[in-house]
Amino acid sequence: MPRFFISEQPENGLLTLHGEDAHHAGRVLRLRPGEAVTLCDGAGTDYDCVIETVEKEAVACRVQCSHPAETEPRQRFTLCMALPKGDKMDFIVQKAVELGVHEIIPYVSKNCVSRPDKTEKKVDRWRRIALEAAKQCGRGCLPQVEAVVTVEQAVERAAQCETALFFYENERETGLHDALSGGVGETVSLMIGPEGGFAPEEVEMAAQAGLRSVSLGTRILRCETAPIAALAAVLYAGGNM
Ligand code: SAH
C-alpha cells in the first residue's frame, strides 16, 4: 500500500498531499480516486485513507480510520555514529532506518578520517535518505538525523538511554549477550566508532558516563557493518524479530 508522511491533522475527515507528494501519488504511482493509501503523521499514528480527488498540486484523501502504526520496534533506539569516510553514512542511515532506529546522532571523534566540514549539506542529504527509507519500509515514526556533534555530546546523549551500549572493538570481557542478559531497556543507545577505532580517552569517557562497553564478537567489523549488526542483534534481544 502506498505510504506518505504528512505534517497536518485531518480536517473534516480529509488529509491532503501537496507538492512532491502529490506529484508522486498522481503522476508517478498514478493513483486514482477510490484507491487506498496510508498516510502517517510520523509520530506513530497511521491514517487509512481512500483517495477522493487527484489534482496536479493536491491529492485529497478521505480518512477511513486511524490507528497506532504497527511497524515500530518495542524499544526506542538511538544510534550514535562516528562520521565515516566518503558516502558510507548514506548506507548506514538507510539501513538503520529500515531496521527501526528512532534517531541518528552523527559525531566527530578523535580518529575520524572524515573532517567535519560542510556537514550541513550532508545532514540534509541524510535526512532525505532517512525519509525515503522510512516511506519505503513502512515506518510509523519518521527517524530524526541530528546535526553533527562532538564525541562528548554524543556520549552525554547516549548515557540518557536506559540501556547504553558502547561497541568497543577491543572489548574482550563482555559480549553483547552478557550485557543484555538483564533485558533490554525501553530506550537503547548504540555508540559506534570510526574507521580508526576509539581513542583510549573516549573509551574512558564513555565508561565514566555509564555506557556499557560491549563486543560484537572476535572479528573487527567495518564501521558500516558494525551498526547494522549491532542494531539487528539488539532488536532480536528486544523481541522484535
Ligand atoms: N580500526 C579499528 C577498528 C574500527 S571498527 C581496529 O582495527 O581496531 C569501527 C567501529 O566498529 C569500532 O570503533 C566499533 O564501534 C565497531 N566495531 C567493529 N568491530 C567490533 C567488534 N568486534 N566489537 C565491538 N565493536 C566493534
Side-chain angles (χ1 to χ4, degrees), residues 75-116 119 122 126 129 143 145-146 148-185 187-238 241:
Q75 299 84 15
R76 222 182 106 134
F77 295 100
T78 298
L79 173 64
C80 295
M81 184 70 218
L83 280 190
K85 273 197 277 189
D87 55 9
K88 280 183 195 165
M89 191 69 171
D90 292 5
F91 171 87
I92 295 167
V93 168
Q94 186 187 62
K95 301 307 164 207
V97 168
E98 288 171 37
L99 284 163
V101 80
H102 195 87
E103 59 187 351
I104 299 174
I105 304 177
Y107 70 92
V108 183
S109 84
K110 191 170 173 220
N111 293 336
C112 275
V113 184
S114 161
R115 294 294 10 128
T119 54
K122 284 188 183 170
W126 299 331
I129 291 172
V145 180
E146 304 219 348
V148 179
V149 298
T150 62
V151 63
E152 288 83 2
Q153 290 167 320
V155 165
E156 199 181 304
R157 289 289 299 276
Q160 290 166 5
C161 289
E162 243 179 89
T163 301
L165 303 169
F166 182 83
F167 290 89
Y168 183 35
E169 61 276 12
N170 294 331
E171 175 59 50
R172 297 283 170 267
E173 308 262 296
T174 311
L176 184 57
H177 188 266
D178 310 318
L180 298 180
S181 59
V184 181
T187 55
V188 184
S189 58
L190 303 93
M191 186 150 180
I192 306 282
E195 282 95 348
F198 283 113
E201 59 268 34
E202 293 169 343
V203 178
E204 177 61 30
M205 189 200 310
Q208 291 279 330
L211 273 58
R212 185 87 191 264
S213 172
V214 290
S215 165
L216 277 172
T218 49
R219 289 166 305 284
I220 301 286
L221 308 179
R222 287 187 184 238
C223 67
E224 67 272 35
T225 314
I228 314 307
L231 267 167
V234 183
L235 278 162
Y236 178 74
M241 287 181 168

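Both counts, for ligands and for their atoms, begin at 1 and track the order of listing. Keep in mind that the numbers below use all heavy atoms, side chains included, and drop hydrogens, waters and symmetry copies.
The closest approach between a heavy atom of A82 and any atom of ligand 1 is not below 4.0 Å.
Checking Q160 against E156 by side-chain atom types alone, no donor-acceptor pair falls below 3.5 Å.
For atom 23 (N) of ligand 1, the closest heavy atom belonging to the protein is L216 N, 2.8 Å. Of the protein's heavy atoms, E169 CG, 3.6 Å lies nearest to atom 8 (O) of ligand 1. Annotation: atom 9 (C) of ligand 1 to nearest protein heavy atom, P194 O, 3.2 Å. Atom 18 (C) of ligand 1 has L221 O, 3.2 Å as its closest protein atom, hydrogens excluded (heavy atom only). Looking at atom 10 (C) of ligand 1, its nearest protein heavy atom turns out to be G193 O, 3.5 Å. From the protein, the heavy atom lying nearest to atom 17 (N) of ligand 1 is A226 CB, 3.8 Å. The protein atom (non-hydrogen) at minimum distance from atom 3 (C) of ligand 1 is I220 CG2, 3.5 Å. In terms of protein heavy atoms, atom 14 (C) of ligand 1 is closest to F167 O, 3.1 Å.
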- Task: Apply side-chain contact (heavy atoms from CB on, under 4.5 Å) to Y168 and L211, showing your working.
- Result: CA-CA 11 Å; Y168 183 35; L211 273 58; over 6 Å; no
- Output, in order, the C-alpha distance, side-chain angles, deciding distance and verdict of side-chain contact (heavy atoms from CB on, under 4.5 Å) for R76 and C161. CA-CA 9 Å; R76 222 182 106 134; C161 289; over 6 Å; no
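Listed by number with element, the atoms of ligand 1 under 4.0 angstrom from any heavy atom of E195 are 1 (N), 2 (C), 3 (C), 4 (C). Each of the atoms 19 (N), 21 (C), 22 (N) of ligand 1 lies under 4.0 Å from some heavy atom of R219. Every atom of ligand 1 is numbered from 1 in the order shown, and the set under 4.0 Å from a heavy atom of C223 is 9 (C). Interface atoms of ligand 1 facing F198, defined by a heavy-atom separation under 4.0 Å, are 13 (O), 15 (O). Of all atoms in ligand 1, numbered sequentially from 1 with element shown, those under 4.0 Å from a heavy atom of G197 are 1 (N), 4 (C), 13 (O). Heavy-atom contacts of V214 reach the following atoms of ligand 1: 24 (C) (cutoff under 4.0 Å).
Counting heavy atoms from C-beta on, the side chains of M191 and V151 come closer than 4.5 Å. Between K122 and M89 there is no side-chain heavy-atom pair separated by less than 4.5 Å. Residues N170 and F198 have side chains not in contact (no heavy-atom distance under 4.5 Å, counting atoms from C-beta outward). Side-chain contact between L83 and Y107 is absent, with no heavy-atom pair separated by less than 4.5 Å. Residues I92 and I104 are not in side-chain contact: their nearest non-hydrogen atoms beyond the backbone lie 4.5 Å or more apart.
Taking only nitrogen or oxygen atoms, main chain and side chain alike, I192 does not reach within less than 3.5 Å of ligand 1. Residue G217 places at least one N or O, backbone or side chain, under 3.5 Å from an N or O of ligand 1.
Test V101, T225, I228 against K95 for side-chain contact (heavy atoms from CB on, under 4.5 Å) and you get one pass: I228.
Within the 3.5 Å criterion, the main-chain N or O of G238 finds a donor-acceptor partner in the side chain of Q75.
The existence of a salt bridge linking E201 and K110 is confirmed by a sub-4.0 Å separation between a basic side-chain nitrogen and an acidic carboxylate oxygen.
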